[in-house]
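So the structure is just underneath, and the comments pick up after that.
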Protein chains: 2
Amino acid sequence: MPFSNNPNHNHLLAALPQEEFEPVAAHLELVTLRLGEILYEPDEQLQYAYFPTTAIVSLHYVMASGASAESAGVGNEGVVGISLFMGGDTTPSSAVVQTAGHAFRLARQLFKQEFQRAGLLQGLLLRYTQALLTQMAQTAVCNRHHSVEQQLCRWLLLTLDRLPSQELIMTQELVASMLGVRREGITEAAGNLQRAGCISYRRGHISVLDRTGLEKRSCECYGVVKKEFARLLCDVQYRQGLPNTIQQVFPQQPHHTAAFTRPDLTR
Amino acid sequence: MPFSNNPNHNHLLAALPQEEFEPVAAHLELVTLRLGEILYEPDEQLQYAYFPTTAIVSLHYVMASGASAESAGVGNEGVVGISLFMGGDTTPSSAVVQTAGHAFRLARQLFKQEFQRAGLLQGLLLRYTQALLTQMAQTAVCNRHHSVEQQLCRWLLLTLDRLPSQELIMTQELVASMLGVRREGITEAAGNLQRAGCISYRRGHISVLDRTGLEKRSCECYGVVKKEFARLLCDVQYRQGLPNTIQQVFPQQPHHTAAFTRPDLTR
DNA sequence: TCCGCTTTGTACGCCAGCGCACAGACCGGC
DNA sequence: GCCGGTCTGTGCGCTGGCGTACAAAGCGGA
């Protein structure tokens, strides 16, 4: 698990100007999130907002039958706990750690307070929420129309964008439960991708070898979500006077362009 | 098309206290929305926010292939144009009128201004947005796991809740494009529902005869969304001193309880 | 080094929903 | 009352993904 004690690894925190960052920083708490850890369950009062640095959290809904599906993921680009400032406090979905790692957390009241200040943070969080909305809407469409293989590609790419490395620590079983499909479906799709040279994997480890290949095999949904995140969140200025390590986290981003005809707004 | 020149028919407008409602009311503009009318398209700058009274608007995404699917609907419980106050201004999805009717619209700048005031309206809009988020997340899950018939039931119920009557003016073709399935699939599912005595229909008209029957045949998704909307938005006090006509719009709500084991929070 | 648990591979039948094609029914307008 | 366009019903064959079952392989700990 890569260690990260730099709040700047989280894009939202990194985007705050010094004067807004300092009051928050004093109360940030570095926590380790373990695979499978549950940050909140349906209708449960959330006590903290989590700003992931190296961890990835999955927002998903578990049905009465036990079947489940992810509606969105949250990594270093965002924050877990939207409902705190949106006013609902709870949600019918749950948040589960999908990739172990670190996050900074901020107590509920402080988080709400900072939002209420109506400073840059508020606008930032609202724009992030809109991006999340897009991700959910696109997931709905994708679930309706695209093949398991396409969805796997989309999901791998989105996950990869949130990680510092090319490797995911993840069993096929877990991927399947994220996408809400059978484990065997993932075995088959992953097998195809491996044969095509896009990825290679062994027991619980998936390495991406050919990112462009994945983008070609993915549906348009990845591009739509990616573009929207870039549009909504990449215009923000990163705080000056502190090391901006974001570039190290997404070393491969400049290459996105190749696979998409739309202009790349990521930079 | 039922006529409605009372802003109180929209729940959000009705929930505003007199002092917040008045400055807004002066600028509300009653508009007629025709079936199929497009309120905004992907990446198009939205000029107005729309508060439907009798109209229903569908937020949906059209893919490159032409296939499409709805991620959420907006009726008299909400507002079209979230992105204006969320900060993105545009979205990758479009908004199309799914049921003809009326809405009050508010110019972009005024809408933003009122949101910025950070009064009751702001909190209300944010809570509405969270409810919308839930609807999208649930649509994603539903698309993944439930049968066309279950989804049709969910969709009919959600639409019915936004209408004053028991009848939908809607061809099967249109329903199919909302759910993102084949028209024939709807013919079959609707046929089943008719044989079961839940609905009756003729060319472009669907009448609901047995609401409870629909609830029994629907998946849990309808209940989840309904409950969340109720939780997030029904605690608001309706403005005093003006006729509150909301109850006429949802005459059947008290009967929801029968079909769901969860407590009914709608009242 | 070996054992045992977890993870992955493969095979089978099954069926919901798709794509296509066309027939029949309905409704509105002339 | 008739006519034409729209909407609905039905019947194919096809296929992607499901459920089930079990075998093989990999990895970690003793």
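In the text below, chain A, chain B and the rest are named by the order of the sequence lines, each starting its count at 1.
A salt bridge links Glu228(B) to Arg231(B): one of the charged nitrogens lies within less than 4.0 Å of a carboxylate oxygen.
Taking atom CG of residue Leu35(A) and atom P of nucleotide dT7(C), one finds them 10 Å apart after rounding to whole Å. Separating the CD atom of Glu173(B) from the P atom of dC18(C) is a distance of 13 Å, rounded to the nearest angstrom. Leu193(B) has its CG atom 14 Å from the P atom of dT8(D), to the nearest Å. Rounded to whole Å, the distance from OH on Tyr201(A) to P on dT6(C) is 20 Å. Rounded to a whole Å, the CD1 atom of Ile186(A) is 14 Å from the P atom of dG19(D). For Leu179(B) and dA16(C), the CG to C1' distance is 15 Å, given to the nearest whole Å. Separating the NE2 atom of His205(B) from the C1' atom of dT8(D) is a distance of 14 Å, rounded to the nearest angstrom. The distance from atom CD1 of Ile199(B) to atom P of dT8(D) is 11 Å, rounded to the nearest whole Å.
Side chain Arg182(A) to base dG16(D): no donor-acceptor pair is found below 3.5 Å. The base of dT6(C) is paired with the side chain of Arg203(A) by a donor and an acceptor separated by under 3.5 Å.
Residue-level contact check: Arg183(B) touches the bases, meaning some heavy atom is under 4.0 Å from a base atom. Within 4.0 Å (heavy atoms only), Glu184(A) reaches at least one base atom of the nucleic acid. Note on Gly191(B): nothing from the nucleic acid sits closer than 4.0 angstrom, heavy atoms only.
Out of dG9(C), dG17(C), dG17(D), the shortest distance to the side chain of Val148(A) is found at dG17(D).
A cation-pi arrangement, defined by a distance under 6.0 Å to the six-membered ring centre and an angle within 45 degrees of its axis, is present between Arg105(B) and Tyr48(B).
In terms of position along DNA chain C, the nucleotide closest to Thr187(A) lies nearer the 5' end than the nucleotide closest to the other residue of the pair Thr187(A) and Arg144(A). If you find the closest nucleotide of DNA chain D to Val181(A) and to Met170(B), the one lying nearer the 5' end belongs to Met170(B). Between Arg202(A) and Gly185(A), the residue anchored closer to the 5' end of DNA chain D is Gly185(A), taking for each the nucleotide with the nearest heavy atom.
To the nearest 0.5 Å, atoms CD1 (Ile199(B)) and CG (Leu193(B)) are separated by 4.5 Å.
Contact check for Thr53(A) versus Asn6(A): no side-chain heavy atoms found under the 4.5 Å cut-off. Residues Lys227(A) and Val225(A) have side chains not in contact (no heavy-atom distance under 4.5 Å, counting atoms from C-beta outward).
Considering only side-chain N and O atoms, Gln172(B) lies under 4.0 angstrom from the phosphate OP1 or OP2 of dG9(D).
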